[in-house]
Amino acid sequence: MSKRQLPEGFQDLEPYLEWSLATDRERSIKRQTSPMTKITAFYQAVVPRMDEILAYLEQYPLEQVPADAQRLFYLTLSLAKIAPAVEMYGEPVPEGLDTLRLENIDIYPTRS
Amino acid sequence: MSKRQLPEGFQDLEPYLEWSLATDRERSIKRQTSPMTKITAFYQAVVPRMDEILAYLEQYPLEQVPADAQRLFYLTLSLAKIAPAVEMYGEPVPEGLDTLRLENIDIYPTRS
Amino acid sequence: MALGKNKWHDRYPELGTGPIPVEPYVSPEYFEQERDRIFRKTWLNIGRVEQIPQPGDYFVKDLTVCNTSILVVRGKDGEVRAFHNMCSHRGNQLVWDTKGRCQTFSCKFHGWTYALDGSLRHITDEHNFFGLKKETLGMTPLAVDTWEGFIFINVDPDPQQALSEYLGKGLRTSITGYPFEDLSTNCFSWHTDVQANWKVAKDAFQEVYHISTLHRRIIGDVYASKANPYANALDFTLYPPHGRVSLSANPGRKLTGVESIVQGFGSTVLQQNNSASEELPAGVNPTGYPHWSFDGLALFPNCLIYVSKGTYLTHIFWPITENLTRWEIRTYSPQAETLSGRFSQEYGKVSFRDTLLEDASTLERTQTMLRSGAKKEIVLQDEELLIRQHYKVTESFLNA
Amino acid sequence: MALGKNKWHDRYPELGTGPIPVEPYVSPEYFEQERDRIFRKTWLNIGRVEQIPQPGDYFVKDLTVCNTSILVVRGKDGEVRAFHNMCSHRGNQLVWDTKGRCQTFSCKFHGWTYALDGSLRHITDEHNFFGLKKETLGMTPLAVDTWEGFIFINVDPDPQQALSEYLGKGLRTSITGYPFEDLSTNCFSWHTDVQANWKVAKDAFQEVYHISTLHRRIIGDVYASKANPYANALDFTLYPPHGRVSLSANPGRKLTGVESIVQGFGSTVLQQNNSASEELPAGVNPTGYPHWSFDGLALFPNCLIYVSKGTYLTHIFWPITENLTRWEIRTYSPQAETLSGRFSQEYGKVSFRDTLLEDASTLERTQTMLRSGAKKEIVLQDEELLIRQHYKVTESFLNA
């Protein structure tokens, strides 16, 4: 019996946990290395649940998100990452510069 | 039953065989891509055995080293590579030029 | 919105309508002149005051085009200062991080130490030097000033104009009241080095003529509509050497599925269809058009600022060689207060970034062909007014 | 050891104490003068005789600064000769390997073949040429000579001084008896191209003022001690255009764990604390200090030789452009006889190399800032005497 990974009521999304990725770079790589069939399956599974998901996530203050809700949140970030591929281009990434060449930069102070 | 990799009496070091690397370049890359926890664990395992190891290695003429002793010797070269990191900097490589930019050159004649 | 033919060039006939030469995009000699007469003489936008909110906060900016590295620091007195990032002893680079906070700057080479105001505080083994005057050996300061929270520096030891004069009253007042400060609490940014002349990169972002073709799948119908198929601008106003463009949105555009979900939570994409009846910031939508999208400010030489409702962004193009450019993109928005807000911002980030990837697809290909020498000139249409102005302004700087 | 103030400059008052200009580090014109008046006129150390022990052994040295490639070969008669590495037919580079052994050199372009003494032996399809005089078509020789096993060349077709005269009796006898030959059987070496002027690189290795700051974690306490916190030198002696420095060790330093293990087997690091009561090579430790560490010879223009007990090393700085240098490091020691000895040498290699990485951290940063133009001068203290001498000697060569 594996432990529950997503919050109560969202277990049906557990087959898509491979999309629960913490960093933008991981999500970019996941998008560009996944075939459209897999991307579309993930899209179709998550989009109909988004109203529920966002309502559920709204209950947590940003600094007190439990691990299972955090995983669910990362799923929504991956949805954001692949939605244009499904809705607009019909391919994982648009024809253009390699996405990894646009390096994320954090210009604001990092305070501990 | 996996085959013995290190000489009799040094099997306890087999968990560290990933550090038994034949070339300086491999050892440099291993150092700079390993976290300090792994580097320190290797250091702590090998240093207390060094007197025994060097005494053991002394018995072989340089041109007649058996494969298991050669592996043990490569472990000592990796120790040489990471000792300053543990004893002096507290980080895998000192702040400075990328170590791989200093290219090894062999200026003396290569005789077959 | 009155679609018309050649109306912008009729407004600014001094810019002419002829082709412009390829040489400025490929010539190393031209590049050296740009370096000496533009980048070493004008005010350059290098960041935001929010990058250094507290005394002791600093950031470092490598200005390859000016052959230097700049240290920008907020002093104990709250003042923002800029220095060449250089030790006065043998010239070593003083600060090696890109940002941080400290009390003093200590050189890693021999330990000379400077205060936040640039003054030299400590010389290691000082008595072995020869009559040094410590007070003359501070870091070398640069001219620095701010406008609307943007930090500008000028590497000219004796700038010919103050920043406010360089920007000009027309440009400055055109955007008065835009809430840069409120919108700057959150910044997503990227950079990359593209093998293209800095003007090839800048040109691609100071015209929208390409949107209905290059971006047809992502944002083809966001600005262009049946009534305005090529996304012609609402307005161009020039404040030489700078300028401003104002863009309309396609009121008939249908949102995609995820866009509909996102919409309730405020996104960091440029808001696409901002009704003039909504409350808009002062100093935007100069024509009062009912379906305004965004205004773009082109600051000479290398900075673009695009402002919309609730979000703005900047492009800065840093020349490295005549064939290489560091392109910096920064998007600003308020902090999201909830996870839903963060999801929404993420969607905005992704779709904006995807658009950038498409934009960038042309840059290196264009540079390759410009370098071929096959053509000596390129041609521009009416909506490419800002590109034409850039060329004319550059010529005037080089021939001054 | 007498720590004092300004004592070296009191010994050599002709060098002055003022700042020195930044221009020599960044100016392309200055670089061209260095090329013509120094590198094309003086004796340059390009290697060791041990690189070519047998007749037919050769090595190739690219001398970008002299716009040539040099072929150094030991002839059948045992003589070391040097040639421009060029075929007399249409100028192709003759040897493409960096080292090897052969009987004759054959051009890959058309098969012309040369003997080890440079004479032309074979012309392919010779009868289709027109009255060639084969004896005039050998490889073009260069002046070559050796000192203590170091091979020097001079690209001047008519060198103004012999090598022994150029080095000078003072420098040559200062190191008499040092066992270069015995210590040269084993060589670990590295090279890299650094984006810095060759003098920025050389300067970093001809002063130890930086050790207690830059290297505080690795070797901060090896040379510096409570009594001598900035690792001031034991002695500087100048033999213009060359010079020598002598360094003490910190006798109170504690070895680390692995250093203690290594110690029994002889390491290739510079031996750090060599008691004067031990048997030391003649011509080292000129002050007879009880805790001597190493002596450094600075050979003008671009070579440093550091000698210690049981090991020595060289730095050679090959200019490529005013902003680019090939930096070569070679460490010499006897062959290890056992695996334990090899382990010990490996430790020495690693810790020395790590120190080099730290040293190199300043080079490109310093060059970047010197190029900024923010400062026109740099300042030097007493212990940076060899840097000051280098500048003065260079000026005398350029103004000769």
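Naming: A, B, ... by sequence-line order, numbering from 1 per chain. Below, each value reflects all heavy atoms present in this structure, side chains not excepted, and no hydrogens, waters or symmetry copies.
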Between [X] and chain B, with a heavy-atom cut-off of 4.5 Å, which part of the residue counts as in contact: side chain, backbone, both or neither?
X: D:Phe59; answer: neither
X: D:Asp359; answer: neither
X: D:Leu356; answer: side chain
X: D:Ile329; answer: side chain
X: D:Arg330; answer: side chain
X: D:Ser260; answer: neither

Are D:Tyr332 and D:Phe180 close enough that their ring centers fall under 6.0 Å? no

Ring centroids only, cut at 6.0 angstrom: are B:Tyr60 and B:Phe73 within range, meaning strictly under it? no

The side chain to side chain donor-acceptor pair (under 3.5 Å) partners of D:Glu364 (sequence neighbours excluded) come to B:Arg101

Does a salt bridge link [X] with [Y], judged by any charged N lying under 4.0 Å from a carboxylate O?
X: D:Asp57; Y: D:Arg74; result: no
X: D:Arg81; Y: D:Glu79; result: no
X: D:Arg326; Y: D:Asp62; result: no
X: B:Lys81; Y: B:Asp24; result: yes

Please state whether the side chain, the backbone, both or neither of [X] comes within less than 4.5 Å of a heavy atom of chain D.
X: B:Val65; answer: side chain
X: B:Tyr108; answer: both
X: B:Gln70; answer: neither

Tell me which of these, [options], has more heavy-atom pairs under 4.5 Å with chain D than the rest.
options: B:Ile53, B:Ile82, B:Thr76; answer: B:Thr76
options: B:Asp51, B:Leu62, B:Asp106, B:Asp98; answer: B:Leu62
options: B:Leu54, B:Ile107, B:Val86, B:Val93; answer: B:Ile107
options: B:Pro84, B:Ala85, B:Ala80, B:Gly90; answer: B:Ala80

Heavy-atom pairs under 4.5 Å with chain B, option from D:Cys187, D:Ala336, D:Ser340 with the top count: D:Ser340

Ignoring hydrogens, what is the shortest heavy-atom contact between D:Gln345 and D:Pro334? Give both atom names and the distance. NE2-O, 2.9 Å

What are the two closest heavy atoms between D:Leu116 and D:Phe83, and how far apart are they? O-CE1, 3.8 Å

